[in-house]
Amino acid sequence: MSIIDIDSLSYKYPNATTKALDNIDFKLTEPGFTAIMGPTGAGKTTFSLTLNGLIPQFYEGTMEGSVHVLGIDTKRYRIQRLVQHVGLVMQDPESQVFGMNVLADVMFGPANLGLSYDEVMARARRALNLVGLVGFDKRPPSDLSGGEKQRLAVASVLAMHPEILVLDEPTSELDPVGREEVYQAVDRLREDGNVTILAIEHSPDEVVSRAENLVVFSEGKMAYVGTPKDIFRNAPQAHDLGIRTPEPAELGWKLYEAGIIEQQQIPLTVDEAFELISPWIIERKDRLAKCDTKPCRCDAEGEKEVILSVQDLSHSYSDEIHALRGVSLDVHKGEFIALVGQNGAGKTTLAKHFNGLLRPTKGRVIVDGKDAAGQAIYDLAKVVGYVFQNPDHQIFSATVWEEAAYGLKVQGITGEKAKERVANVLELVGLSDLLELNPFTLSKGDRQKLAVASILAIEPQVLVIDEPTTGLDARGAEGMMTLIDHLNKLGHTVIIITHDMKLVAEYATRVIAMSRGKVIADCTPAELFSNEAVMENARVKPTSIARLFSRLQELADIPMLITVEDAADFFIELLKS
Amino acid sequence: MFIAYIHGDSPIHRLNAFTKVCGFIVITVLAFLFKHPLHNLVIAVGVAILVAMSGLSLKRLQQLISPLVPIFLLIMVFTGFSYSGASFETPFAQRELIRLGRLGTVSAGGILFGLTLMLRMFVMVTGSSLLTLTTPLEEFLALLQKSRLPYEMSFVVGTAIRFVPTLEKRANMVLDAQKARGTRLDESGIAGRIRAYVPIMVPMIADGVRTSENLACAMLSRGFGAVRSFMSVEETRLEKRDYLVIAGLCIILALGIYGKVKGIGSL
């Protein structure tokens with residue numbers, strides 16, 4: 001009997017014009033880890049909802065074909081029966097927690113099944129143990145970190161004892177620490193028994209180290225079914241499907257294109273890359289001695305004008321919570337700064353001082369030469385634009401145009417001048433064809449761009465952008481970062497808050513690492529990735545390329561390179577000479 | 001604020017929620033049995049002793065009580081004026097203390113009854129705070145379930161309460177996002193205020209709709225409604241100490257009613 005057996009499945013949401021799932025055939029016979037990748041809107045989440053009967057039983061719309069899990073037809077049995085075989089953990093941990101405390105929440109599922117108290121308790125204990133939440137029993141959900149909350153969601157579903165576990169982007173809203181916690185729990189689960197896991201995941205690094213099978217969705221179809229290896233070793237195909245490949249594979253593809261290695265040799269992990277490349281370095285060790293270290297990407301024009309200055313800034317939310325403790329720094333015009341560090345390190349608290357959303361408990365913030373203390377947020381907004389992580393927290397207008405024009409309207413700028421500016425920013429972010437659409441119908445990536453446009457219209461000199469790529473797929477993230485980079489080149493000072501070290505490596509000219517309310521490093525990305533102690537402290541995990549180079553540096557005197565581009569150029573140069 | 005449970009391990013904390021609710025009812029009934037402030041003072045002192053036993057900080061209690069002090073005083077003044085001597089039974093209470101022309105008279109009974117009302121309010125505010133501060137919400141909900149109300153009802157109440165902090169957090173995020181765009185919430189006039197809050201309300205409502213759909217999916221994914229009978233996840237059993245306390249409460253209540261019938265504590 002197949003674990004999952006899907007026969008020409010199609011599904012259309014009510015009022016939709018196109019099929020969300022289009023004629024899918026899929027069979028899964030062996031337990032193990034199956035990763036599901038693909039761009040936003042390709043049908044991944046819709047697919048996950050068909051597995052436990054939410055489609056077609058909860059969602060209306062039209063479903064054709066059939067889905068059998070462990071031989072059970074999802075059309076013919078109630079959802080409540082199906083969920084005892086298929087556990088579904090959704091993307092947002094917040095809306096999956098029902099209990100007043102951790103233990104009550106895990107017990108909720110099995111208690112719904114009408115089991116005995118002892119059985120419910122035993123199941124809850126075992127599930128909490130598996131995800132590493134022992135001792136959290138009486139903690140209310142509001143006290144949990146993102147990673148803890150998501151692990152709780154996993155535990156609560158595990159307590160239903162499903163044979164199949166479906167995870168819909170279980171870590172997309174989490175910081176690196178939270179991601180690691182969740183995946184550790186998943187790995188423990190696999191060691192524990194013969195489970196079948198299907199996980200929707202954007203990060204190729206998580207996929208390559210875990211998944212036996214990979215399914216890539218594209219426009220409602222399964223565009224690729226096979227092993228992760230094969231697709232990751234074919235960068236153009238992966239790009240066409242709209243998925244990222246691991247950094248070592250990106251590097252490998254460039255070396256393959258340059259005719260240096262065979263396609264089968266393309267490394268997928270840092271270990272494999274090190275194995276491939278270290279002999280080259282060792283052979284050429286003598287020639288490598290004393291070459292130009294650390295490519296400096298800083299401007300050689302000397303000190304630029306200071307646009308933002310923070311002096312001995314402290315901020316306390318209460319007597320116990322000191323979010324910032326004596327931070328001093330200058331931001332110069334035209335810089336591209338990344339603020340990094342663990343959740344709770346004080347990044348957002350610091351950034352909220354730039355436009356007056358928070359006021360210093362101690363110290364000063366100087367914005368464009370004037371003390372922020374005397375100015376309203378409304379006035380500071382003209383100099384410092386702040387784009388929040390979730391565009392849905394600000395979009396409220398009926399059309400894209402009105403949304404982008406809102407900032408100008410409240411600043412009292414109307415008429416021809418406003419029209420021109422709005423048209424310009426929408427052109428800049430690439431939304432000028434969608435002016436009359438309702439923003440809520442846009443894709444997440446476009447909503448994010450609209451949020452940026454609505455801030456840009458006010459023409460702030462400084463742009464603070466919180467997690468610019470979180471929740472975006474490969475194409476959306478690329479589009480967003482190209483836009484931000486473009487804005488920086490146009491002269492805007494850019495400050496991004498991010499956990500994504502790939503962004504830091506590729507775009508930032510300066511990185512500020514924070515830990516426990518203090519700045520612990522203020523340097524170039526390459527310098528940060530060379531400093532183990534600081535990275536440890538800020539809980540920052542360097543990019544794969546940076547990790548590769550710090551290992552290679554032990555073999556020979558080579559520069560610290562952190563991006564795929566630079567690394568590929570370096571190796572090609574090295575091997576050709 | 002009132003629903004904030006404060007963790008502790010005092011004798012009061014350890015009692016079953018049912019016992020504590022019984023105690024609260026008995027105290028309230030007693031406070032309403034007697035009109036004389038002296039008797040109510042005894043009850044108030046009793047409640048104060050319970051607070052001391054519960055290990056709650058006095059500062060916390062002060063925070064609850066202090067905003068009510070002006071109301072206490074107002075009530076005292078009003079009752080002093082509004083009850084004429086004739087409405088009391090005892091000669092002492094019937095005495096007129098001050099005559100203020102057309103404003104009326106102030107009777108001794110009026111002042112005393114004012115004191116009583118004040119003490120009653122103190123007893124009820126303190127008593128209910130004591131109840132909520134020493135009882136986790138889960139136990140209240142379990143009690144609700146035991147009371148044979150439909151399970152769905154206690155589930156709705158519990159889930160709603162559970163989402164209060166979440167909604168608060170989201171509201172703050174929306175507020176920050178709009179303020180950063182220059183939204184001003186200090187517009188004058190009712191129309192202006194409403195207009196100013198549109199940018200806050202629309203994203204909140206949109207978010208609420210999305211969340212509720214996710215919640216429904218998550219509930220079904222956890223087998224909600226699989227069987228009609230539902231087991232309470234909070235184990236609440238009455239212990240020996242609960243029975244003792246409840247017996248004690250019964251005796252006190254009986255004594256109180258007996259005293260009332262005998263005319264003790266009247267004014």
Side-chain angles (χ1 to χ4, degrees), chain A residues 49 52 54 58 78-81 83-84 87-88 90 92 94-101 103-104 107-117 120 138 140-142 153 156-157 160 352 355 357 377-378 381-382 385-388 390 392-397 406-407 410-411 440 454-455 458, chain B residues 5 7 136-139 141-142 155 158-159 161-166 168-170 173-184 186 196 198-207 210-235:
Chain A
L49 296 172
N52 72 354
L54 282 166
F58 175 74
R78 294 175 71 204
I79 297 168
Q80 287 93 333
R81 159 86 195 277
V83 296
Q84 298 172 50
L88 172 66
M90 298 187 305
D92 174 22
E94 194 61 56
S95 54
Q96 298 177 70
V97 178
F98 297 99
M100 297 297 297
N101 58 46
L103 185 64
M107 293 171 83
F108 175 67
N112 279 329
L113 302 178
L115 302 165
S116 74
Y117 182 86
V120 171
K138 292 289 165 192
S142 52
S156 298
V157 164
M160 311 281 292
K352 280 184 178 174
N355 69 342
L357 278 173
I377 305 174
Y378 164 82
K382 290 175 210 160
Y386 199 125
V387 184
F388 282 83
N390 190 342
D392 297 332
H393 286 153
Q394 65 172 64
I395 291 174
F396 74 99
S397 306
Y406 171 74
V410 292
Q411 296 285 357
F440 289 102
S454 79
I455 297 292
I458 314 169
Chain B
Y5 165 68
H7 190 72
L137 256 167
E138 301 87 304
E139 285 182 26
L141 291 173
F155 178 75
T159 310
I161 293 169
R162 130 96 184 93
F163 273 92
V164 169
T166 309
E168 198 184 334
K169 212 166 91 190
R170 291 204 176 153
M173 282 176 168
V174 172
L175 210 58
D176 274 352
Q178 301 299 30
K179 279 203 260 176
R181 295 209 287 171
T183 301
R184 294 214 267 192
D186 50 5
V198 167
I200 314 291
M201 292 318 294
V202 174
M204 281 300 286
I205 293 168
D207 191 68
R210 262 192 301 270
T211 307
S212 66
E213 189 169 293
N214 283 342
L215 263 176
C217 275
M219 271 165 68
L220 286 169
S221 297
R222 302 271 288 281
F224 185 81
V227 289
R228 283 301 308 167
S229 69
F230 179 85
M231 189 211 67
S232 168
V233 294
E234 280 296 324
E235 201 179 12

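Per chain, numbering begins at 1; letters A, B, ... match sequence-line order. This one's a predicted model, so the numbers in the text were calculated from it and none came from an experiment.
- Only the side chain of Asp92(A) comes within contact range of chain B, judged by heavy atoms closer than 4.5 Å.
- Here the CE-CG distance, from Met90(A) to Leu49(A), works out to 8.0 Å after rounding to the nearest 0.5 Å.
- Expressed to the nearest 0.5 Å, how far CD of Gln84(A) lies from CE of Met160(A) amounts to 6.0 Å.
- Neither the backbone nor the side chain of Val387(A) comes within contact range of chain B; no heavy atoms are under 4.5 Å apart.
- With rounding to the nearest 0.5 angstrom, the CD1 atom of Ile200(B) is 11.0 Å from the CD atom of Gln394(A).
- Per-residue heavy-atom pair counts under 4.5 Å with chain A were compared for Ala180(B), Ala218(B), Pro199(B), and the maximum is reached by Pro199(B).
- The contact between Ser156(A) and chain B is made by backbone and side chain atoms together, counting heavy-atom distances below 4.5 Å.
- The residue among Gly109(A), Ser95(A), Ala381(A) with the most heavy atom pairs within less than 4.5 Å of chain B is Ser95(A).
- Both the backbone and the side chain of Met219(B) come within contact range of chain A, each with at least one heavy atom under 4.5 Å from a heavy atom of that chain.
- Ranked by heavy-atom pairs shorter than 4.5 Å toward chain B, the options Lys382(A), Glu94(A), Gln411(A) are led by Glu94(A).
- With rounding to the nearest 0.5 Å, the separation of CZ in Arg222(B) from CG in Leu220(B) is 11.5 Å.
- Within the model, atoms CG of Asp176(B) and CD1 of Ile377(A) stand 7.5 Å from one another, a figure rounded to the nearest 0.5 Å.
- For a residue to count as touching a neighbouring chain, one of its non-hydrogen atoms must lie under 4.5 Å from one of that chain's; by this rule Lys352(A) touches chain B with the side chain only.
- Heavy atoms of Phe388(A) lying under 4.5 Å from chain B belong exclusively to its side chain.
- With a 4.5 Å cut-off on non-hydrogen atoms, Leu54(A) touches chain B through its side chain but not through its backbone.
- With a 4.5 angstrom heavy-atom cutoff, Phe58(A) touches chain B only via side-chain atoms.
- Here the side chain of Gln80(A) pairs no donor or acceptor atom with the backbone of Leu113(A) at under 3.5 angstrom.
- The contact between Arg184(B) and chain A is made entirely by side chain atoms (from C-beta outward), counting heavy-atom distances below 4.5 Å.
- Between Tyr406(A) and Phe396(A), the ring centre distance stays below 6.0 Å.
- Between chain A and the residues Cys217(B), Ser212(B), Pro165(B), the most heavy-atom pairs under 4.5 angstrom are made by Cys217(B).
- Rounding to the nearest 0.5 Å gives a distance of 7.5 Å between CZ of Phe163(B) and OG1 of Thr211(B).
- Take Arg210(B) and apply the salt bridge (charged side-chain N to carboxylate O under 4.0 Å, His left out) test, not counting sequence neighbours, and it matches Asp392(A).
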